[in-house]
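Worksheet: one structure, shown below.
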Amino acid sequence: MKGVLDLLVIVLCLVLGAALWWAMLDLPSSRIHLAEQVAAKLDASGVTHPVTAVLLNFRGYDTLIEVMVLFVALIGMLTQAEKGSQWLSAGYRPPPLPAPPFHLEVLQWLARVLVPLMILTAGYLLWAGAHRAGGAFQAAALLAGAGVLLNLAGLLPAWTTFRAGMRAGSITGLLFFVLAAAATAAAPHGHLLQYPAGWAGMLILLIETGLTLSLGLILAGFFLLLSAEASDGSDTEE
Amino acid sequence: MTLDLLLVAALLWTAVQSLATPNLFRGVVLFIVFGLFMALVWVRLHAADIALAEAAIGAGLTGALLLNGVGHLRAKQQSTLP
């Protein structure tokens, strides 16, 4: 009985897959040619890389909302963490890092070599975003990765507090982006995130620099705050 | 062409394996491998931006977070065992 049922499920899945495949092939080709529209307006975007032009200029609000989502995720994590335990309270001091066991020494050496290179590469990716693959998100992920590597190598303790400086840093990029959006929307004849001619390149670079800093802190925070909670929770729960 | 077919096969295999394995750690490692293959596929599709994001965020950071979660679960299991 069960074998028959399984067979039925498999057959139904195959039919559904075939139907979807057929529907996809049957779609009429789009009459809107977005790639050509982007290419035609690329000169006005302030950057020469079409992906960055779309993300930071033509569809800037999309990126703005994306960054908001990440920031809200961080806030959600912080509220849960503060409710859950005493870590993150102002007086709590993390225990000093223990002396590294021998097997960590190679990793520590590697981390000390790699992290400066990662920060350099993040700066390059941020700059390169204007004319080739790269940009704020990739640079920020690299910065956060450097933080994770330092933490795993035992060189950077997990974040038990999220101090005012870090809070400010994690909102800077979003704040600047929102200010730019408000200013462009409030300007006479302006539309939301429609940069004034000639300013686009500079504004995009400034926004991306702020976003790299903020997203780096936010993404690193996801890992470093959670690993603090994990080590703290396992000590106190049982 | 052969490379692309190999990539597709590797993607499908790692995806199925990471979902099907009962071992959480193995599943997470296979998920990271899946992310790296996915990044290669994006490169083959000339989407270097997405490849960078996939490798850094999809495979790297998400993988680290998931490994963190697995470690946390293990510590919890060990502390509840007699």
Item to check | Nearest-0.5 Å distance that lies between atom CG in Leu150(A) and atom CE in Met118(A) | outcome: 8.5 Å
Next on the checklist: Check the orientation of Phe31(B) and Phe34(B). Use parallel for under 30°, tilted for 30 to 60°, and perpendicular for over 60°.
Outcome noted: parallel
Checklist entry - Within the side chain of Thr172(A), is there an N or O that forms a donor-acceptor pair under 3.5 Å with the backbone of Gly210(A)? => result no
Checklist entry - Between CD of Gln138(A) and CG of Leu142(A), what distance do you get to the nearest 0.5 Å? => result 10.0 Å
Next on the checklist: Sub-4.5 Å heavy-atom contacts with chain B: which residues of residues 36-52 of chain A show up?
Outcome noted: His49(A), Val51(A)
Next on the checklist: Checking the side chain of Thr63(A) only, and the main-chain atoms of Leu55(A) only, is there a donor and an acceptor separated by less than 3.5 Å?
Outcome noted: yes
Checklist outcome for this item: Between the CZ atom in Arg112(A) and the CG atom in Leu155(A), the distance rounded to the nearest 0.5 Å is 5.0 Å
Checklist entry - Ignoring hydrogens and geometry, is there a side-chain-to-backbone donor-acceptor pair from Ser79(B) to Lys76(B) under 3.5 Å? => result yes
Next on the checklist: Does any backbone or side-chain atom of Leu125(A) lie under 4.5 Å from a heavy atom of chain B? Answer side chain, backbone, both or neither.
Outcome noted: side chain
Checklist entry - If you count the non-hydrogen atoms of other residues, nucleotides and ligands that lie under 6.0 Å from CG in Leu8(A), is the total more than 12? => result yes
Checklist entry - What's the spacing between Ile207(A) CD1 and Thr212(A) OG1 if we round to 0.5 Å? => result 11.5 Å
Checklist entry - Taking only heavy atoms into account, what residues of residues 37-66 of chain B are found under 4.5 Å from chain A? => result Ala48(B), Asp49(B), Leu52(B), Ala53(B), Ala56(B), Ile57(B), Leu61(B), Ala64(B), Leu65(B)
Checklist entry - When you measure from the side chain of Thr21(B) to the backbone N and O of Gln17(B), does any donor-acceptor pair fall under 3.5 Å? => result no
